Amino acid sequence: METRCVFCTEHPSLEKPTLITDHARIVGLGGIVDNVSTFFRTCPQCHMVYRYQEWQAGLHNFNDHTVRTLELCIFLRHNLQNHVSVSRAINSLEGLREVKYPSRDTVLHAYCQFEAMTSHDYVYSCINCGYYPPVVMMDLHKKGVFSMAVSDIKDPPEQFKGEHNIEEFWDSVNLEMIARGFVQSRAKNPLAVYPSFDRWAPWIGGHTRKSDIVLNTEYQKLSSAKATAESELVMVTEERLVDELRKQKVGIVRKLCKACNIDSKGSRDDLILRLRNEMKNRHSYDKVFQKIWGASGGWAVIACPHGIVYSLKFNLRAESPRDFADLLMSWKHLPNVSVYDFARGLTTHTNLWFPDVMPFQPNEGRLAECTPDNITAAQKGKLEVSLSWLLEKKVNPDPESHPTTGSSCHFALHDKFHESNTKDQRDVLRRINHVPELQGWLNSQVVEQLFGVMKKNNYFLNNMAPSTHVFMMRNIIHHRNIGTNQQLLDQQLHKGLKFHHMHTIALNEVGQAVLSEYKKYLFIIHWMK
Ligand SMILES: [Zn+2]
Ligand SMILES: [Zn+2]
């Protein structure tokens, strides 16, 4: 605890403690302790106020009036990992202890403040794959949304290029959470963060990203019909939306038709066809979209095949391959294989965006050249493209190659044959089944499981204010990543390797776990294990 001012050069002693209240409460797992006194001290020179924010006694001081035990905070953290919201956990405690706990909102705010003041590194990296996974799986967690009228978001300044300072943005979200203790409501919080096109950064771990400046070009979705490539992107999203429509009950589709003022009679296919035509009009498109997807655009997620999340991007508008391109192009090393339902859209958009680099190559990210023979072979399941550098790094790495594989190839593939992809025959050359090294190893269940887990949190995350939603999501996924990494490590232990704990494990220069050191050789688990 400070006894002297840390800001003034002579570090003067602080003044005598002043009582704030003798009615503060300590809220813990065992119940509540009332009539606790809290104090502050000030610096005689600069008048800086020093509050009690010491953790060694096992307490977290929220706002000088309510104090939480660290045990309660950690208990809530574990509950969240098990999809039990803060309010449900407190309801249980209240029932058990037969005492009235503070309002659920206050408990949530205190928990967010606790997490914001904990020094998490949010490294978002797998101990097998390292900071730069060679293979990634990408998908949209589409029901993870918050209510927000897109029309409330202002257009960004004209000179804006889609670049965001990731540290600055997330620091500002953290600050909002910390300040929450000292204001009556979010509306009165001068540090509250609101969604905007020019200040809304994704999360990418510090090692994985190229720099603190990351891309989020969502504002360009606004004027998307401009270029042909962009109209293709809109089309891709539209097709996905139509696929979603097909899964809806006919009653919902009928209601949507009514809401868009179009004929609501006829079969489901008739209705969808009409809606589809109507969606060419931006306004109806937004309406259909909001109905099906909720108010905002869901989370774009990039994970490694072990289910560790590397990047998260909260979309304000409908998903497009652009969202994944924004993330990948903010990475230091583009993965060699990106698995995504709309691989074609991703390639078109990214290669047109960076025409001098053409990130997805060779063959525009397809596994083989687009010849009639290759396409026929692929259709018959007879095409085999071995990517042996996935198993063993190239002895002579390509120029500007991936550090783990030594290859400079970047493929955009898909694992299931998505309906909309059948339109382009050449898409058959993007199936992961053609790659023997990936077949059998790449387990789409791992990522489906991740999304299943994320869905279970919708019931509380989706009711939160946007900044709380994104703060909590990044935090919950961080703790999940740590748990998954520990499991991966434990799996190696069962294979007879020496005991290591996550905190003590050494990482090599690309962030892979080093299990033992013999002479000058480092033994790491092969990332594909
Ligand atoms: Zn001072
Ligand atoms: Zn991994």
Side-chain angles (χ1 to χ4, degrees), residues 1-18 40-51 53 122-139 204-205 207-208 301-312 327-328 331-340 387 389-391 393 402-405 415 432 437-438 440-451 453 477-493 495 497 500 502 505 507-515 524-529:
M1 209 183 316
E2 294 92 351
T3 51
R4 294 173 168 277
C5 183
V6 294
F7 295 100
C8 294
T9 36
E10 304 101 67
H11 304 301
S13 292
L14 300 180
E15 281 172 352
K16 288 222 159 54
T18 311
F40 71 91
R41 298 177 77 173
T42 43
C43 166
Q45 269 176 36
C46 70
H47 307 292
M48 171 59 93
V49 174
Y50 286 81
R51 300 171 55 247
Q53 201 71 68
Y122 295 105
V123 64
Y124 275 55
S125 173
C126 165
I127 55 151
N128 283 8
C129 294
Y131 305 134
Y132 322 113
V135 177
V136 292
M137 326 269 279
M138 317 198 292
D139 209 344
I204 304 168
H207 295 285
T208 304
V301 180
I302 304 184
C304 79
H306 305 97
I308 300 277
V309 175
Y310 275 76
S311 296
L312 282 173
L327 289 173
L328 288 176
W331 281 31
K332 200 168 186 172
H333 295 287
L334 187 65
N336 292 117
V337 175
S338 304
V339 182
Y340 176 49
L387 307 178
W389 35 259
L390 287 175
L391 293 175
K393 186 175 174 173
H402 192 282
T404 306
T405 60
D415 63 346
I432 57 168
E437 289 83 2
L438 293 179
W441 174 70
L442 207 59
N443 184 355
S444 57
Q445 273 178 351
V446 174
V447 174
E448 274 162 31
Q449 233 170 42
L450 166 72
F451 279 80
V453 161
I477 294 290
H478 169 66
H479 292 301
R480 183 179 192 272
N481 277 351
I482 292 176
T484 312
N485 266 329
Q486 185 65 56
Q487 278 170 18
L488 288 172
L489 207 55
D490 290 346
Q491 280 166 15
Q492 304 304 324
L493 296 181
K495 290 175 187 162
L497 293 160
H500 283 278
M502 276 307 296
I505 193 106
L507 300 175
N508 68 3
E509 71 284 358
V510 295
Q512 298 164 314
V514 177
L515 288 180
I524 59 165
I525 319 161
H526 190 275
W527 68 274
M528 282 184 95
K529 283 284 152 46

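Note that the structure is a prediction, hence the values are computed from the model and not measured. Atom set for the values below is all heavy atoms of this structure, side chains included, hydrogens, waters and symmetry mates excluded. Counting from 1, the numbers follow the sequence of the chain as shown. Numbering of ligands and ligand atoms starts at 1, following listing order.
- For a distance bound of 2.8 Å, the N, O or S atoms of His47 include none lying that close to the Zn ion (ligand 1).
- Rounded to 10°, the angle formed at the Zn ion (ligand 2) by Cys126 SG and Cys129 SG is 110°.
- Among the heteroatoms counted here (N, O or S) of His306, ND1 is the one nearest to the Zn ion (ligand 2).
- Metal site remark for the Zn ion (ligand 1): His11 contributes no N, O or S atom at a distance under 2.8 Å.
- Side-chain atoms of Gln512 come within 3.5 Å of backbone N or O of Asn128 as a donor-acceptor pair.
- Ser338 places no side-chain N or O within 3.5 Å of a backbone atom of Val136 that could act as its donor or acceptor partner.
- Counting only heavy atoms from C-beta outward, the side chains of Tyr124 and Ile204 never approach each other to under 4.5 Å.
- Taken to the nearest 0.5 Å, the OH atom of Tyr132 stands 10.5 Å off from the OH atom of Tyr310.
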